[in-house]
There are 2 protein chains.
Amino acid sequence: MNPIDIFKALSNETRLQILIWLKEPEVYFGTQKSADCKDVGVCVSLFHQRLQLTQSTVSEYLAILQRAGLVTATRIGKWTYYKRNEEMLQKVARYLGHDL
Amino acid sequence: MNPIDIFKALSNETRLQILIWLKEPEVYFGTQKSADCKDVGVCVSLFHQRLQLTQSTVSEYLAILQRAGLVTATRIGKWTYYKRNEEMLQKVARYLGHDL
DNA sequence: TTGACATATCGGATAATATCGATATATTAT
DNA sequence: ATAATATATCGATATTATCCGATATGTCAA
């Protein structure tokens, strides 16, 4: 866990929004065809649909969140599914509440 | 509380260090003359002494932490004393642990 | 009032980040 | 093999952050 990378990843409105959407993927991305978003996560194009940003920017943002360890990625076929890494989120919360 | 400003403030090694030092000011800045650092905080020049950074940079970093609400400042005479805002730190920890 | 000192602010050079369009890569369907 | 689709990566540019030296402001002491 690298606090600097984590806080940088969190220093952006869109990336915070992505994390919030991923708390309840079935609410925000309900109609996902080939996989249950509850289990596997949400694919890049669904984020892209909801954001006024290019595909490349959305992909980059997800990569930033992943490098920080805040989300995990799973490739299935053509799609990459992202979901929250709750353990890391809790770790960061504890770091803030106790260590920092 | 503005999460973006807070996370930006936390996205810097030196500013994290300042917050950590401020957890135990008497340990890191024990010999402060005109005021008890436990109560009133730590003055800018003591941070400056411990950091390989100019006075202006240190002052700016403390201002960034203050604008984010992570520390509070008290001016007494020529000195400005900074101390942690524990309530805000706890708020951010809760935000991370529950809201985000 | 002047001088000395602590801190804050300003302007600038350089480095990092944001964001895009274009393109590359990987996978599946035909 | 080719085409279509999803995602990732690259290169460019614009914005933002870092960090400095110089200077301004505020406070106290003589």
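Being a predicted model, the structure only gives us computed values, none of them experimental. Lettering follows sequence order; numbering is per chain, from 1.
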Participant: Can you list, pair by pair, the side-chain donor-acceptor contacts under 3.5 Å of residues 15-22 of chain A, counting residues two or more places apart and other chains?
Facilitator:
from     : atom 1 : to      : atom 2 : distance (Å)
Arg15(A) : NE     : Ala9(A) : O      : 2.8
Arg15(A) : NH2    : Lys8(A) : O      : 3.2

Participant: Side-chain contact, heavy-atom cut-off 4.5 Å: Glu87(B) with Lys91(B)?
Facilitator: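 Heavy-atom side-chain distance check fails, nothing below 4.5 Å.
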Participant: Below 3.5 Å is the cut-off: list the nitrogen or oxygen pairs between protein and nucleotides 25-30 of chain D, distance only.
Facilitator:
none

Participant: Establish, with yes or no, whether the OP1 or OP2 oxygen of dA6(C) is under 4.0 angstrom from a side-chain nitrogen or oxygen of Tyr82(B).
Facilitator: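 For dA6(C), OP1/OP2 do not have a side-chain N/O of Tyr82(B) under 4.0 Å.
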Participant: Can you tell me the pairing partner of dT30(C) across any strand shown, Watson-Crick or G-U wobble, with both distances under 3.5 angstrom?
Facilitator: dA1(D)
Participant: Restricting to nitrogen or oxygen on both sides, can you table the protein-nucleotides 17-22 of chain D pairs closer than 3.5 Å?
Facilitator:
from    : atom 1 : to       : atom 2 : distance (Å)
dA17(D) : OP1    : Lys8(B)  : NZ     : 3.3
dT18(D) : OP1    : Asn12(B) : ND2    : 3.4
dT18(D) : OP1    : Arg15(B) : NH2    : 3.2
dT18(D) : OP2    : Arg15(B) : NH1    : 3.4
dC19(D) : OP2    : Tyr61(B) : OH     : 2.0
dC20(D) : OP2    : Thr54(B) : N      : 3.0
dC20(D) : OP2    : Thr54(B) : OG1    : 3.3
dC20(D) : OP2    : Thr57(B) : OG1    : 2.9
dG21(D) : O6     : Ser56(B) : OG     : 3.0

Participant: Apply salt bridge (Lys or Arg N to Asp or Glu O under 4.0 Å) to Glu60(B) and list each qualifying residue two or more places apart in sequence or on a separate chain.
Facilitator: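 Applying salt bridge (Lys or Arg N to Asp or Glu O under 4.0 Å) to Glu60(B) gives Arg67(B).
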Participant: Can you give me every donor-acceptor pair (side chain of residues 42-51 of chain B, partner residue at least two apart or in another chain, under 3.5 Å) with its distance?
Facilitator:
from     : atom 1 : to       : atom 2 : distance (Å)
His48(B) : ND1    : Leu53(B) : O      : 3.0
Arg50(B) : NE     : Tyr28(B) : O      : 2.9
Arg50(B) : NH2    : Tyr28(B) : O      : 3.0

Participant: Roughly how many Å is it from CG in Asp5(A) to C1' in dA16(C), rounded to a whole number?
Facilitator: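 So the CG-C1' distance, Asp5(A) to dA16(C), works out to 13 Å.
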Participant: Taking side chain to side chain donor-acceptor pair (under 3.5 Å) as the definition, give me every residue that meets it alongside Ser11(B), ordered by chain and number, with sequence neighbours left out.
Facilitator: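 Once residues adjacent in sequence are excluded, the partners of Ser11(B) under the side chain to side chain donor-acceptor pair (under 3.5 Å) criterion are Ser11(A).
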Participant: I'd like to check the side chain to side chain donor-acceptor pair (under 3.5 Å) partners of Asn12(A); sequence neighbours left out, ordered by chain and number.
Facilitator: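 Counting only residues at least two positions away or on another chain, Asn12(A) forms a side chain to side chain donor-acceptor pair (under 3.5 Å) with Tyr61(A).
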Participant: Ser45(A) near the nucleic acid: base, sugar-phosphate alone, or nothing, with a heavy-atom cut-off under 4.0 Å?
Facilitator: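 The answer is sugar-phosphate, as Ser45(A) gets under 4.0 Å only of primed atoms, P, OP1 or OP2.
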Participant: Gln49(A) CD to dA6(D) C1': how many Å, rounded?
Facilitator: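 Going from Gln49(A) (CD) to dA6(D) (C1'), I get 12 Å.
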Participant: Under the rule for side chain to side chain donor-acceptor pair (under 3.5 Å), what residues qualify as partners of Thr57(B), not counting sequence neighbours?
Facilitator: Thr54(B)
Participant: Are Val92(A) and Phe7(A) close enough that some pair of their side-chain heavy atoms sits under 4.5 Å apart?
Facilitator: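 Touching, per the 4.5 Å side-chain cut-off.
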Participant: Using atom CG of Leu65(A) as one end and atom P of dA18(C) as the other, report the distance to the nearest whole Å.
Facilitator: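 For the pair Leu65(A) CG and dA18(C) P, the rounded distance is 11 Å.
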Participant: Let me know the distance between CD of Gln66(B) and C1' of dA8(C), rounded to the nearest Å.
Facilitator: 11 Å
Participant: Starting from P on dA8(C), measure out to CZ on Phe47(B) and report it in whole angstrom.
Facilitator: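 Checked: the CZ to P distance equals 11 Å.
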Participant: Can you tell me the distance, in whole Å, between the CG atom of Leu51(B) and the P atom of dT7(C)?
Facilitator: 13 Å
Participant: Listed by chain and number, what are the salt bridge (Lys or Arg N to Asp or Glu O under 4.0 Å) partners of Arg84(B), not counting sequence neighbours?
Facilitator: Glu86(B)
Participant: Closer than 4.0 Å, any side-chain N/O of Thr80(B) to the OP1 or OP2 of dA6(C)?
Facilitator: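 Checking dA6(C) against Thr80(B), no side-chain N or O comes under 4.0 Å of OP1 or OP2.
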